[in-house]
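Here the structure comes first, spelled out in structure tokens, and everything after it is commentary.
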There are 2 protein chains.
Amino acid sequence: MEKTSIPKVVIARLPVYIQKLNQLMREGRESVSSQEMAEYLGVTSAQIRKDLSFFGGFGKKGVGYDVINLLESLRSILNLNQIWEVVLVGVGKLGQALLSYQGFSRKGFEIVMAFDNDPNIIGQTIAGVKVRDVSEMQNLTCPRNIPIAILTVPAGNAQEMADQLIHCGVKAILNYAPVTLKVPEGIRLANIDPVLSLQTFTYYL
Amino acid sequence: MEKTSIPKVVIARLPVYIQKLNQLMREGRESVSSQEMAEYLGVTSAQIRKDLSFFGGFGKKGVGYDVINLLESLRSILNLNQIWEVVLVGVGKLGQALLSYQGFSRKGFEIVMAFDNDPNIIGQTIAGVKVRDVSEMQNLTCPRNIPIAILTVPAGNAQEMADQLIHCGVKAILNYAPVTLKVPEGIRLANIDPVLSLQTFTYYL
DNA sequence: TAGATTGTTAATCGATTAACAATC
DNA sequence: TAGATTGTTAATCGATTAACAATC
């Protein structure tokens, strides 16, 4: 029960607001109303105002929200004004694609280590990160206290890798493996499985 | 307002149940209780029973649910007893990884066409799929009426590609681009942006 | 000032959970 | 039969929306 008062759904929407505000900023926009944001994002303006009001009053009545100011406020609420270290486990095709993805470091997430168990991949350097043997993972990650892990291993290995990472101080896991992981209370977990999304589609099609 | 009565959250959980039931089946389990499923998935048993009860009574009181029977029932509810054709747009690193991913066809989703705008990639065959010029997309996809698209293009191109796909009859889009797309009523949309997940983590860390 | 838009309250809506009779 | 577990109802909990006074 951490930061109890604010609903999880609200926290999950803040990054979406940030994404849009970033775009507005690049376009040179100075201010934006909740109404306009709502249209862009396909939600109600009341929801946007309510969400923001959990953290204070960022707007000016009759005017709207200052784009840069709101953006900075939200970034600060989410602790995005720092570099977050990330460890990636599983350097198959998907893991390689994520290692090469510029979007992480551009948004302040730095993949600092990568591990695999395939001798053909161990030792290679991908996007500046040297791939190491997963058998060394505990030795190498435990001392560094890396807070976030990305899991791109086969389903069968995911739980074991998660356990090891958590043991070494990882506090949040982005899981691409198609399994439901068991993690202790207090460990954040998000699952990205495209098949689950597709299987939801097919109900409606 | 299609199939109104059943909450979207319930539909979204069915694939997770299917995932676990598949695993139980592979392990040779014959039946399972809502209690046991709940423990595996980290939810309440009441939720599982309630979810299933929207579609009928699949269990036996005092016994639980027959694994194979429930699995088949859920697959049928989600229309998973058929092959679903998929078009993939954007064959960069991520697109290539998804093209090579066995999990889609294994679960009944067949990527039948792929498009890109990079001359170095157009013409290549990846995982049995020939990459075609995106300028031909409308000509090639419109007649085939493919229901599902996966978008792995840069943020700047995503909306334009979505519009074209929808124009050609696509009814559901799995969007990997880091933008909020605008789609007409009735088009299903799911977004997979790992950065949004990471940015939710950092609030709690 | 007049018009616009916020921040907030109260009402509505929807989802989760507890509890238990039914029954295998 | 006794024990276990479902299916379902009612109660609780939480999230969304409508509406409007405050105010820029």
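Letters go in sequence order (proteins before strands), and every chain restarts at 1. Keep in mind that the numbers below use all heavy atoms, side chains included, and drop hydrogens, waters and symmetry copies.
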Footprint string (nucleotides 14-23 of chain D, 5' to 3'): B base within contact, S backbone only, - free, heavy atoms under 4.0 Å: -SSBBB--BB

Residues which pass ring-ring contact (aromatic ring centres under 6.0 Å, His included) with B/Phe104, listed by chain and number, not counting sequence neighbours: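 ring-ring contact (aromatic ring centres under 6.0 Å, His included) list for B/Phe104, sorted by chain: B/Tyr101.
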
Salt bridge (Lys or Arg N to Asp or Glu O under 4.0 Å): pairs with one or both residues in residues 87-115 of chain A, sequence neighbours excluded: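 Of all non-adjacent pairs touching residues 87-115 of chain A, none passes salt bridge (Lys or Arg N to Asp or Glu O under 4.0 Å).
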
Under-4.0 Å side-chain N/O to phosphate OP1/OP2 contact, B/Tyr65 with D/dG7: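 Checking D/dG7 against B/Tyr65, a side-chain N or O does come within under 4.0 Å of OP1 or OP2.
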
Neighbour count >12 (heavy atoms, 6.0 Å) for atom CG, B/Leu205: yes

Taking [atom1] from [X] and [atom2] from [N], how many angstroms apart are they, rounded to a whole number?
X       : N     : atom1 : atom2 : answer
B/Asp66 : D/dT5 : CG    : C1'   : 15 Å
B/Leu70 : D/dT6 : CG    : P     : 11 Å
B/Asn69 : D/dT6 : CG    : P     : 14 Å

Distance-only donor-acceptor check, side chains A/Arg49 and A/Ser45, under 3.5 Å: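 Yes.
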
Pair assignment for DNA chain D - dot-bracket with | for other-strand partners, Watson-Crick or G-U under 3.5 Å: ..||||||||||||||||||||||

Under 3.5 Å donor-acceptor, B/Gln159 side chain and B/Lys182 backbone: yes

Short side-chain to backbone donor-acceptor contact, B/Ser100 and B/Gln96, under 3.5 Å: yes

Close side-chain approach of B/Phe58 and B/Glu72, heavy atoms under 4.5 Å: no

Side-chain touch A/Leu80/B/Gln199, heavy atoms, less than 4.5 angstrom: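 Of all side-chain heavy-atom pairs linking B/Gln199 with A/Leu80, at least one is under 4.5 Å.
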
Members of residues 21-41 of chain B that approach DNA chain D, where some heavy atom sits under 4.0 Å away: B/Ser33, B/Ser34

B/Gln19 vs B/Gln23, side chain to side chain donor-acceptor pair (under 3.5 Å): CA-CA, chis, key distance, verdict: CA-CA 7 Å; B/Gln19 191 180 73; B/Gln23 190 192 325; over 6 Å; no

Partner set under salt bridge (charged side-chain N to carboxylate O under 4.0 Å, His left out) for A/Arg13, not counting sequence neighbours: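 With sequence neighbours excluded, A/Arg13 shows a salt bridge (charged side-chain N to carboxylate O under 4.0 Å, His left out) to A/Asp51, given in chain and number order.
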
